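Okay, so here's the structure we're looking at.
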Amino acid sequence: MAHLPIDDVLPALRDALFRRDDVVLEAPPGAGKTTRVPLALLQEPWLAGQTILMLEPRRLAARAAAARLAAQLGEQPGETAGYRVRLDSRVGPSTRIEVVTEGILVRRLQDDPALDGVGLVIFDEFHERSLDADLALALVLSARQLLRDTPLKLLVMSATLEGERLATLLDQAPVIRSSGRLYPVSLHWGSPWQPGERPDSRVVACVLQALAQQSGSLLVFLPGQAEIRRVQTLLAEALAGRPEILLCPLHGELVLAGQQQAIDPAPPGQRKVVLATNIAETSLTIDGVQVVIDAGLARVPRFDPGSGMTRLETRRISRASATQRAGRAGRLGPGHCYRLWSEAQHAQLQAHGEPEILQADLAGLVLQLARWGMAPDELLWLDAPPAAACAQARELLVRLGALQPEGGLLTAHGQAMATLPLPPRLAHLLLVGQALGQVALAAQLAALLSERDLRRDCGADLALALQAPSSPQVRQLARQFRQLLPERGPADSGSVLADGDGPAVLLALAWPQRIARPGPYTQLRAHETGRNLVCRLPLYKQTHYLF
C-alpha cells in the first residue's frame with residue numbers, strides 16, 4: 001500500500017483519541033484522511049468492537065468513500081465497510097465502518113439518541129459547514145452529555161478548518177495537523193469577468209486550449225447542471241471526430257453509473273474532461289486529473305426571512321475554495337490550473353465561504369430540534385442559527401400543522417413529517433396527499449420538486465411535467481417516496497378532490513403563503529431552489545384544514 005502523508009500522523013492521532021474523547025484533524029486534500037483514518041482506528045482497544053460512523057457531506061462522496069475503504073480490505077461495500085445514504089444503503093451484519101450522509105445521522109440520533117453500539121463518530125470534510133453537519137454535531141454533543149454512560153469519541157476532520165475555534169467548542173480538544181501530498185500547480189489567469197457574462201464560451205475555449213497544451217485529464221468546475229449541459233454540448237461539437245476525449249459530467253443528481261465513470265481513471269489511450277459542480281472540490285478523488293479549469297462560480301442556496309423564500313444564487317467562490325480546486329491538479333505530479341478570472345478579481349474574493357446555517361432555510365433544523373425536545377439556544381453550536389430565520393421557520397411549521405401555535409410543541413403530524421427524509425414542505429405534501437387519497441400524485445409531485453432538471457424538461461411548468469413521461473430517476477424516486485409513507489389503508493382510495501384539482505391543492509397546502517388572488521384563478525408561484533414553478537389553483541369558497 002502506497003505511503004500517504006496522513007500515515008505520518010496516525011500514531012499521534014491514535015494517542016490523542018486514547019487520551020481524549022474529542023480530536024480535531026486538519027489535513028489538506030490528498031493527505032489520505034478519508035480512506036486511511038477509519039481503518040487505522042478500527043482495532044483500537046477503546047473502540048471495543050463498536051462501530052465507526054463517518055459522515056460525508058454528499059451521497060456521491062459517501063458511496064465513493066465506502067468503496068475505497070472496502071477495496072483496501074479486498075472486499076465489497078457492505079462487508080466491513082458500508083454506507084447509508086437517503087433511500088439507499090449497503091451494510092451487513094459484519095459492517096464496522098458505516099459511511100453516512102449527515103442527514104442520516106440526524107435521523108438515527110432521533111431514533112437512538114445514545115447511539116448504542118457506536119464508539120466513534122467522524123465528521124469528514126467539516127470545513128464545508130453544511131447545515132446538516134452543524135445540526136448533527138450539536139445533537140451528538142447533546143446526546144453524549146445527557147444519555148451516554150460509555151464514552152462516545154468524536155473526530156472532526158477537514159481540509160481547511162478553523163481548528164482552534166472548533167477545538168474550543170470541543171472543550172480544548174487537541175488539534176493534529178497533517179501535511180498534504182501536493183505537487184506544484186502552475187496558475188494561468190484569465191481576463192476580468194464582465195457583469196452578466198455567462199461562462200460557457202470562455203470555458204469551452206479554455207478546455208480546447210488546455211487539451212492542446214497539456215497532458216492528462218481535465219477537471220472543469222462549473223456552477224451547476226445547466227452550465228454543464230451547455231458546455232458538454234458545445235464541446236461535443238468542437239471535439240467531434242476525437243474519440244480519445246471522453247466528456248464526463250459529474251453532479252449530485254447523476255445516476256450512479258455516470259458518477260462512477262467520471263471518478264474512474266480514463267481507459268488507456270484516452271483522456272477525460274470531467275465537467276463538475278463543486279461536488280468535486282474536496283469530497284472526491286478523481287483519478288488522472290492533471291489540469292483544472294475553474295470558472296470560479298458556485299450555486300448556493302440563499303434564504304430571505306423577509307420573503308420566506310430560498311433561491312439558488314450563482315456566486316463567486318471564496319479564495320479557500322479556489323485553493324482547494326487548484327489543488328486537484330497537483331495530486332499526481334506537477335499540474336496546471338486555469339482560473340477564468342483576473343488576479344485583481346481574485347484579491348477581492350472572500351477568504352472563506354459562509355456556513356450554510358447562517359444563510360439557509362431553517363425549517364428542517366427547527367423541526368428536528370422540536371422532535372429532539374430542545375430549543376436552539378440550549379445546544380452548543382460553532383455558529384448559532386440566526387434568531388430571525390428560526391422564527392420564520394417556526395411560523396411556517398405552525399402553518400403546516402407541524403408545531404402547536406402555543407408553546408411550539410411537535411404535533412402528531414409534525415412527528416410524522418420529521419421522520420421522513422425530506423424537507424418539511426415535501427414531507428407535508430406527501431402526508432397530505434395520503435390523507436386526501438392522492439398518494440401516487442403526491443409522490444410524483446415530491447419527486448418532480450426534488451428533481452433539479454425540471455426547468456430543462458418542461459420550462460418549470462408543473463402541469464407539463466405531470467403530463468410528460470417521467471425520467472427513470474423521477475419514477476424511482478416517486479416509488480421510494482410512496483414506500484416511506486406509513487400504512488393507512490388502500491392508497492388513492494376515497495379522494496375528496498375534484499378531478500384535475502389535485503396538483504394545485506397539494507401545492508397550495510405545501511406553499512400556503514405563496515397564494516395570491518389575481519383573478520378567477522389563484523396563481524401559485526413556488527420559488528424553491530431557484531425555480532419558478534407555476535400552476536393554477538381553482539378558487540375554493542372554503543378552506544379545509546387537514547391537521
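The figures here come from the full heavy-atom set of this structure, side chains too, leaving out hydrogens, waters and symmetry mates. The chain is numbered in sequence order, starting from 1. Predicted model only: the values in this text are computed from it and were never measured.
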Any non-hydrogen side-chain atom of [X] less than 4.5 Å from a side-chain atom of [Y]?
X	Y	answer
R68	T34	no
D132	T101	no
H428	L422	no
L426	F481	no
K153	L155	no
E356	D134	no
R299	T277	no
I263	L60	yes

Can a donor-acceptor pair be found, under 3.5 Å and without considering hydrogens, that links the side chain of [X] to the backbone of [Y]?
X	Y	value
K33	L25	no
W46	D21	no
R165	L382	yes
S142	A138	no

Decide if atom CD of Q350 counts as having more than 12 heavy atoms of other residues, nucleotides or ligands within a radius under 6.0 Å.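 Counting neighbours around CD of Q350, 12 or fewer heavy atoms of other residues, nucleotides or ligands fall under 6.0 Å, so no.
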
Crowded around Q76 CD? As in, over 12 foreign heavy atoms under 6.0 Å?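 No, the 6.0 Å shell around CD holds no more than 12 heavy atoms from other groups.
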
Please collect all salt bridge (charged side-chain N to carboxylate O under 4.0 Å, His left out) contacts where either partner lies in residues 413-424, sequence neighbours excluded, each pair once.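 Non-adjacent pairs meeting salt bridge (charged side-chain N to carboxylate O under 4.0 Å, His left out): zero.
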
Only pairs at least two apart or in different chains count here, so list each salt bridge (charged side-chain N to carboxylate O under 4.0 Å, His left out) that has a residue in residues 88-106.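 Listed once each, the pairs are R63-D88, R84-E98, E98-R108.
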
If the threshold is 4.0 Å, N to carboxylate O, is there a salt bridge linking [X] and [Y]?
X	Y	value
D383	R129	yes
R371	D111	yes
R425	D361	no
R302	E354	yes

Residues in salt bridge (charged side-chain N to carboxylate O under 4.0 Å, His left out) with [X], at least two apart?
X	result
D294	R325
D377	none
E44	R14

Give every donor-acceptor pair under 3.5 Å between a side-chain atom in residues 399-406 and any protein atom, sequence neighbours left out.
none

Which residue in the set L137, L141, L369, L135 passes side-chain contact (heavy atoms from CB on, under 4.5 Å) when paired with L379?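 It is L369, the one option of L137, L141, L369, L135 that forms the side-chain contact (heavy atoms from CB on, under 4.5 Å) with L379.
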
